[in-house]
2 protein chains.
Amino acid sequence: MMDGLDWIAVDWGTSNLRAWLMAADGTILDKRSSDRGMNALSRDGFEPALLDLVGDAIGNGPVTVIVCGMAGSRQGWAEAPYRSVPSAPPQLSAATRALVHDPRLDVRILPGLKQEQPADVMRGEETQLRGIFLANPGFDGTICLPGTHTKWVQVSAREVVSFRTFMTGELYALLSANSVLRHSIGEGWDGEAFSEAVSDAMSRPGSVAGHLFGLRAEGLLRGLDGARAASRLSGLLIGLELAGARPYWLGQPIILAGASDLSRAYESALSAQGAAVERLDSEAVTLAGLVAARADMKETAT
Amino acid sequence: MMDGLDWIAVDWGTSNLRAWLMAADGTILDKRSSDRGMNALSRDGFEPALLDLVGDAIGNGPVTVIVCGMAGSRQGWAEAPYRSVPSAPPQLSAATRALVHDPRLDVRILPGLKQEQPADVMRGEETQLRGIFLANPGFDGTICLPGTHTKWVQVSAREVVSFRTFMTGELYALLSANSVLRHSIGEGWDGEAFSEAVSDAMSRPGSVAGHLFGLRAEGLLRGLDGARAASRLSGLLIGLELAGARPYWLGQPIILAGASDLSRAYESALSAQGAAVERLDSEAVTLAGLVAARADMKETAT
């Protein structure tokens, strides 16, 4: 076994698999990742994918692997049934054990959260939320987790009260790569174009589908710059989201945790609305949530 | 040459090529189509694609071919520069001649229309509009052309005053085939789910990106029926569009011309808002516009 390896933390999403090889004292011995997310795997593929990534480190084992994310979905490795909100982020006692062929592995998959009305689900974000609560124990307000499916989460007393998911990131990816706008979208960032577009979409959300084609038309008629088009597209979609998520952020303290560029874009849009925003590193909070789940296990054992 | 063939009408769009083989008296001798739209062709590919489709019919020629649509774009066969609105639909004298290798072909490509503010463009729809004007010579009001890129057109005295394009159809195609919603969308139609979704989106357009993910969540939590999900997706996107296009349809007489299922959906959404709608067949109005362009040519010749 890798010197000092105590357990493995895993964030297994739709498109990516990330693992941290952890020592007992919390030191990160190694960090590894692959593109073998849930979408690339059948149920039988999860164990081999994990072994390909970390098998060399586990020696004769046994080793505990704590997993959050889509690996716990019905199409994943083993279903970890959702907990209903209002709820604290699930502890390890709620995890599902994955059936494994390799006796060196002890795999626990953390459940996600569900909400009946309006219907919504999260998997992985609940573990990020636990990490955020640890770093901000007294926080009451709104947590925004920007990403492919951005989550807005109302929290109080370290519980998730309600949440809402917006497909903003996936819409951006589809429109910039697969729609007629692909001809207009370029690299780079134009903060002014972004801010204008946020403001356009927030003041008239219904105009967004029209403004989208406007990017193409401006490209054809006036040679709209590719960075400007990309920033405007992002601004239109984030502005539409902010119009819909207003009850979550208006007058609330906000913590943002997502990829750094995307979080900065959200921060700039929210700050322009006078909202008070604190930004956290999303990878750090994910790992902190997994570390807390590992601590649950030790508490149970003692 | 095919018995009685006088000219060929062509609607050459992004994804499809449609040709009507026409007699001098307006009889349709044959109708043919292929999937060799602009996106499938390089500049050199247009002439062979046309000859593959109709070459057998033109004998020793020569034959006049009148084309509307994306074949006239910069990436098309030969650029037919846009006319600026306000403008009547362009006549044949504004068409661009395509360079051809086959001397039997005399190809004229009709220009589209552009608008500077807000930036917008159309190619092909201007010819549909001409067909609509012929069938409704006294019409003043709004024409809606539902499709991949739905056009809302304000017309007066057989001129296009202004127009606005919404990417609603392309958004539907991307979301239903390429997003996480593909797992939830099925076949069939649920009129009630459509109407509810239109109403949700119109009353709170900003909520649409949240409602979209809600379709996925309802699929996971409550087994949302595939037809219901598809109808709700369509309703959310059309509702968002109607919220943005309100200045076009509110208090205006409206003519709808598009594919029949889609036009019926728009009609149902608009009727629920108390709008007076007349539906026309989009293929018929396209051909009528091309026939009018052919008549321009004969008038010039005499």
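Predicted model, so just to flag it, every value in this text is computed and none were measured. To find a chain, count down the sequence lines: A is the first, B the second, and so on, and within it residues start at 1.
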Undergrad: If you apply the rule side chain to side chain contact (heavy atoms under 4.5 Å, CB included), what do you find for B:Val208 with A:Val208, and how did you get there?
TA: CA-CA 11 Å; B:Val208 165; A:Val208 165; over 6 Å; no
Undergrad: Counting heavy-atom pairs under 4.5 Å with chain A, which one of B:Ala209, B:Gly214, B:Gly239, B:Pro118 comes out on top?
TA: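 Winner by heavy-atom pair count: B:Ala209.
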Undergrad: Is it the backbone or the side chain of B:Leu212 that comes under 4.5 Å from a heavy atom of chain A, or both, or neither?
TA: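 Interface part for B:Leu212: both.
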Undergrad: In terms of heavy-atom proximity below 4.5 Å to chain A, should B:Leu240 be classed as side chain, backbone, both, or neither?
TA: both
Undergrad: Over all heavy atoms of both residues, which pair between A:Val121 and B:Ala217 is shortest? Give the atoms and the distance, please.
TA: N-CB, 4.2 Å
Undergrad: Could you tell me which portion of A:Leu171 (side chain, backbone, both or neither) has an atom closer than 4.5 angstrom to a non-hydrogen atom of chain B?
TA: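 A:Leu171 touches chain B through side-chain heavy atoms alone.
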Undergrad: Kindly give the heavy-atom pair with the smallest separation between B:Gly206 and A:Pro205, and that separation in Å.
TA: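 That closest heavy-atom pairing would be N-CB, 3.6 Å.
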Undergrad: May I have a list of the donor-acceptor pairs under 3.5 Å that connect chain A with chain B?
TA:
{"residue": "A:Arg74", "atom": "NH2", "partner": "B:Leu220", "partner atom": "O", "Å": "3.3"}
{"residue": "A:Glu116", "atom": "O", "partner": "B:Arg222", "partner atom": "NH1", "Å": "2.9"}
{"residue": "A:Glu116", "atom": "O", "partner": "B:Arg222", "partner atom": "NH2", "Å": "3.4"}
{"residue": "A:Glu116", "atom": "OE1", "partner": "B:Arg222", "partner atom": "NH1", "Å": "3.2"}
{"residue": "A:Arg164", "atom": "NH2", "partner": "B:His211", "partner atom": "ND1", "Å": "3.4"}
{"residue": "A:Met167", "atom": "N", "partner": "B:Ala209", "partner atom": "O", "Å": "3.3"}
{"residue": "A:Glu170", "atom": "OE2", "partner": "B:Val180", "partner atom": "N", "Å": "2.9"}
{"residue": "A:Val180", "atom": "N", "partner": "B:Glu170", "partner atom": "OE2", "Å": "2.9"}
{"residue": "A:Arg204", "atom": "NH2", "partner": "B:Gly244", "partner atom": "O", "Å": "3.3"}
{"residue": "A:Gly206", "atom": "O", "partner": "B:Gly244", "partner atom": "N", "Å": "3.4"}
{"residue": "A:Ala209", "atom": "O", "partner": "B:Met167", "partner atom": "N", "Å": "3.3"}
{"residue": "A:His211", "atom": "ND1", "partner": "B:Arg164", "partner atom": "NH2", "Å": "3.4"}
{"residue": "A:Leu220", "atom": "O", "partner": "B:Arg74", "partner atom": "NH2", "Å": "3.3"}
{"residue": "A:Arg222", "atom": "NH1", "partner": "B:Glu116", "partner atom": "O", "Å": "3.0"}
{"residue": "A:Arg222", "atom": "NH1", "partner": "B:Glu116", "partner atom": "OE1", "Å": "3.2"}
{"residue": "A:Arg222", "atom": "NH2", "partner": "B:Glu116", "partner atom": "O", "Å": "3.4"}
{"residue": "A:Gly244", "atom": "N", "partner": "B:Gly206", "partner atom": "O", "Å": "3.4"}
{"residue": "A:Gly244", "atom": "O", "partner": "B:Arg204", "partner atom": "NH2", "Å": "3.3"}

